[in-house]
Number of protein chains: 2
Amino acid sequence: MMDPADDTLPTNGDRPKSITLKDVARLAGLSPITVSRALHNPKLVKPDTIARVKEAAAAMGYIPNMLAGSLTTKRSQLIAAIVPQLSNSMFAETVQGLNDELSAHGYQLLLSVSNYSRQKEEDLLTAILSRQPDGIVLTGINHHPGVRKKLLATGVPVVEAWDLTPSPIDIAIGFSQERVGEKVAQYLLGKGYKRFASICARDERANRRRLALEAELQQHGMAPIATHMATPPTVMNLGREGLRAILAEGHAPDVVVCSSDVLAQGALIEAQAQGIAVPDTLGIMGFGDFDFAAYTHPPISSVHVDKRAIGVQAARALIAKIEGRPLAGNVVDVGFQLVERATTRTVG
Amino acid sequence: MMDPADDTLPTNGDRPKSITLKDVARLAGLSPITVSRALHNPKLVKPDTIARVKEAAAAMGYIPNMLAGSLTTKRSQLIAAIVPQLSNSMFAETVQGLNDELSAHGYQLLLSVSNYSRQKEEDLLTAILSRQPDGIVLTGINHHPGVRKKLLATGVPVVEAWDLTPSPIDIAIGFSQERVGEKVAQYLLGKGYKRFASICARDERANRRRLALEAELQQHGMAPIATHMATPPTVMNLGREGLRAILAEGHAPDVVVCSSDVLAQGALIEAQAQGIAVPDTLGIMGFGDFDFAAYTHPPISSVHVDKRAIGVQAARALIAKIEGRPLAGNVVDVGFQLVERATTRTVG
DNA sequence: CTGTTAGCGCATTCAC
DNA sequence: GTGAATGCGCTAACAG
């Protein structure tokens with residue numbers, strides 16, 4: 001749908017040649033370096049010189065060229081982040097937290113999305129490194145081999161977010177996927193559930209939670225009766241399809257564990273569409289404690305993670321490291337909490 | 001919660017001095033410029049020279065310094081975007097679309113969040129411009145005066161997204177807020193609603209939709225009986241508070257129009273908490289057609305906007321302009337659709 | 001407090 | 001095909 005009213009091509013095409021420090025210096029009758037100092041290091045310059053500079057700069061609409069600046073200082077004030085997905089995910093909140101904290105400290109965010117592909121993550125990293133970021137945030141701890149190598153070679157501060165490992169590339173800020181899986185298993189076993197199914201995104205962390213859950217089940221002599229894998233991006237409908245597939249295969253689980261509340265909501269809707277009572281006939285467990293989870297009917301039992309805090313803490317750790325301040329530790333566990341709502345209940 | 005297991009500070013602090021084009025050239029026995037061409041302009045170089053270069057580059061783990069490159073070429077392959085909010089908003093999807101399309105064309109995204117503040121937007125813009133982006137995406141058409149001035153002075157391609165205007169800074173891609181307001185008013189009047197209330201975020205676009213709705217009501221001899229303004233960030237609870245406030249003031253609307261589905265969900269929950277039947281006693285209208293809107297109980301009537309498409313089209317328009325390809329027009333209306341669900345119904 | 005010199009790493013321009 | 005010289009815009013290091 002084009003608006004027919006206005007199809008004149010604005011001809012601001014040829015960019016006005018940019019005005020530089022030298023231009024401002026000439027106007028102010030000073031040397032370029034003095035202008036530079038007046039703008040970035042006022043303490044070294046006489047107050048009225050500063051005033052003269054600011055006036056000249058404002059008059060000419062001077063905008064510094066940070067590319068040139070960073071080329072000499074080797075500081076870009078740029079932090080790059082790679083997340084698997086933005087829409088429909090928990091990462092938007094982490095990115096918002098990251099950005100807020102960075103912004104408050106004068107840093108800017110270069111954002112990339114890997115679509116859950118390790119190869120894509122590596123390609124993005126190469127492009128990112130060429131911009132000389134002061135710090136990098138990666139999602140997860142499982143990367144293409146080249147990633148760790150490149151990162152160690154450049155020596156940029158790195159946070160691996162949303163997971164934990166005893167041997168991070170540099171810093172890890174997240175929580176243990178395994179402990180989530182165990183805790184969920186223990187909780188559901190305690191509730192009396194016996195026939196476990198799962199709907200799990202093809203995502204490394206989700207899968208590790210699932211495996212830990214299965215391991216814990218086996219410790220109690222049980223095994224999952226059905227697993228459905230869903231290919232990201234994680235959208236609600238994949239949860240519907242997942243439950244439909246499990247039931248179509250003839251399984252009759254008494255609880256289905258989903259790797260995301262988004263999938264859990266889908267499973268819930270499918271159950272209701274098929275006339276299966278939740279939680280009476282089927283329990284449903286989600287993950288992520290999305291905003292909507294508390295307001296579905298019935299509300300979804302889930303695992304809460306402070307998504308925003310992960311971003312904020314990642315920013316703080318990077319900035320500390322960049323500025324040479326010591327870190328309390330290079331592995332930060334932000335924890336998680338199981339949130340019991342109404343899609344699970346005590347059985348029999 | 002710190003993990004006590006590992007508190008050794010990794011001493012990769014002193015960054016290894018980066019290896020440059022010159023280093024690769026030396027190893028390959030060539031001049032730097034030949035290496036540069038082999039990497040970026042292979043047609044100008046003999047095939048086996050290219051091979052030699054690639055080998056040397058790989059052996060040394062060479063990563064180009066794009067700051068230096070961009071300084072001479074005046075092309076940064078960087079697009080900057082400013083959105084009002086990321087979490088709980090429609091903009092995550094737009095950003096995802098923008099990023100996907102940019103990434104496919106070799107551009108990267110510099111992302112900033114303005115928190116709905118015009119002043120913050122301007123400050124961010126200054127920082128952004130200093131990085132010499134090849135294009136910029138702003139949200140909305142109403143900016144601090146300095147924004148338009150700076151943008152016109154530098155001549156960067158700009159997309160104003162999520163709104164329409166006959167006089168964009170450069171390009172506008174969005175839909176008419178006014179027409180949304182009118183359309184919603186007409187729809188609800190057609191349904192027989194008579195006592196209108198609204199819960200509206202303190203956000204320029206939301207407010208223009210509200211004003212257009214009121215104008216249309218007046219055309220039909222009606223006026224809203226109550227308005228509640230909510231300060232962003234837009235979270236569900238503000239919708240609850242909004243409806244509670246309106247009712248506490250003694251108003252008895254038969255329909256409440258919300259500037260976002262997030263607020264609408266809050267209003268719905270509050271209504272149910274107070275035992276007010278939706279839609280029988282109170283109608284609720286949302287905006288944005290968020291994923292969850294179709295799955296609340298009852299599902300929320302809303303206005304659908306293709307959030308992702310706005311991002312994708314913004315990317316395409318910028319890239320076209322950067323590469324000197326002509327645009328079909330500088331105002332693109334992506335339209336919207338009213339989606340009738342179950343929080344509204346035909347009244348008596 | 002201010003200026004001079006030099007160089008960051010790369011690509012454009014012009015040679016060969 | 002390849003190379004040498006030059007400059008992008010800025011700031012570090014050293015003067016004065």
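Remark on the helix from dC1(C)-dG16(D) to dC16(C)-dG1(D): inter-end axis angle 30°, axes from five-pair C1' superpositions, rounded to 10°.
Along DNA chain C, read 5' to 3', the first and last nucleotides having any atom under 4.0 Å from a heavy atom of chain A are dC1(C) to dG9(C).
By the side-chain contact (heavy atoms from CB on, under 4.5 Å) test, Lys149(A) is found to be paired with no residue, residues two or more places apart in sequence or in another chain being considered. Residues passing the side chain to side chain donor-acceptor pair (under 3.5 Å) test with Ser117(B), sequence neighbours excluded: none. Remark: His105(B) pairs with Glu101(B), Tyr107(B), Ile319(B) by the side-chain contact (heavy atoms from CB on, under 4.5 Å) rule, at least two apart or across chains. Asn115(B) pairs by the side-chain contact (heavy atoms from CB on, under 4.5 Å) definition with Gln96(A), Asp100(A), Val113(B), not counting sequence neighbours.
Although no hydrogens or angles enter the test, the distance criterion places no donor-acceptor pair under 3.5 Å between the side chain of Arg205(B) and the main chain of Ile141(B). Asp134(A) places no side-chain N or O within donor-acceptor distance of the main-chain N or O of Ile79(A), the cut-off being under 3.5 Å. Looking at Gln85(A), its side chain does come within 3.5 Å of a backbone N or O of Ser87(A) through a donor-acceptor pair.
Within residues 41-50 of chain B, the residues having any heavy atom under 4.0 Å from DNA chain D are, by residue number, Leu44(B), Val45(B), Lys46(B), Thr49(B).
Residue pairs meeting the ring-ring contact (aromatic ring centres under 6.0 Å, His included) criterion with at least one member in residues 113-150 of chain A: none, sequence neighbours excluded. Residue pairs that meet the salt bridge (Lys or Arg N to Asp or Glu O under 4.0 Å) test with at least one member in residues 117-130 of chain A, sequence neighbours left out, are Glu122(A)-Lys150(A).
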Quiz: residues 33-55 of chain A side-chain donor-acceptor pairs under 3.5 angstrom, not counting sequence neighbours:
{"residue": "Thr34(A)", "atom": "OG1", "partner": "Ser31(A)", "partner atom": "OG", "Å": "3.1"}
{"residue": "Arg52(A)", "atom": "NH1", "partner": "Ala28(A)", "partner atom": "O", "Å": "2.7"}

Please tabulate, for side-chain N and O atoms in residues 59-70 of chain B, each donor-acceptor pair with protein atoms closer than 3.5 Å (sequence neighbours left out).
{"residue": "Asn65(B)", "atom": "OD1", "partner": "Leu67(B)", "partner atom": "N", "Å": "2.9"}
{"residue": "Asn65(B)", "atom": "OD1", "partner": "Ala68(B)", "partner atom": "N", "Å": "3.2"}
{"residue": "Ser70(B)", "atom": "OG", "partner": "Met66(B)", "partner atom": "O", "Å": "2.9"}
{"residue": "Ser70(B)", "atom": "OG", "partner": "Arg75(B)", "partner atom": "O", "Å": "3.0"}

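Here CD1 of Ile19(A) is found 12.0 Å from OG1 of Thr154(B). Values are rounded to the nearest 0.5 Å.
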Using a 4.0 Å heavy-atom cut-off, write out nucleotides 5-11 of chain D from 5' to 3' as B (base contacted by protein), S (sugar-phosphate only) or - (no contact). --BBBBB
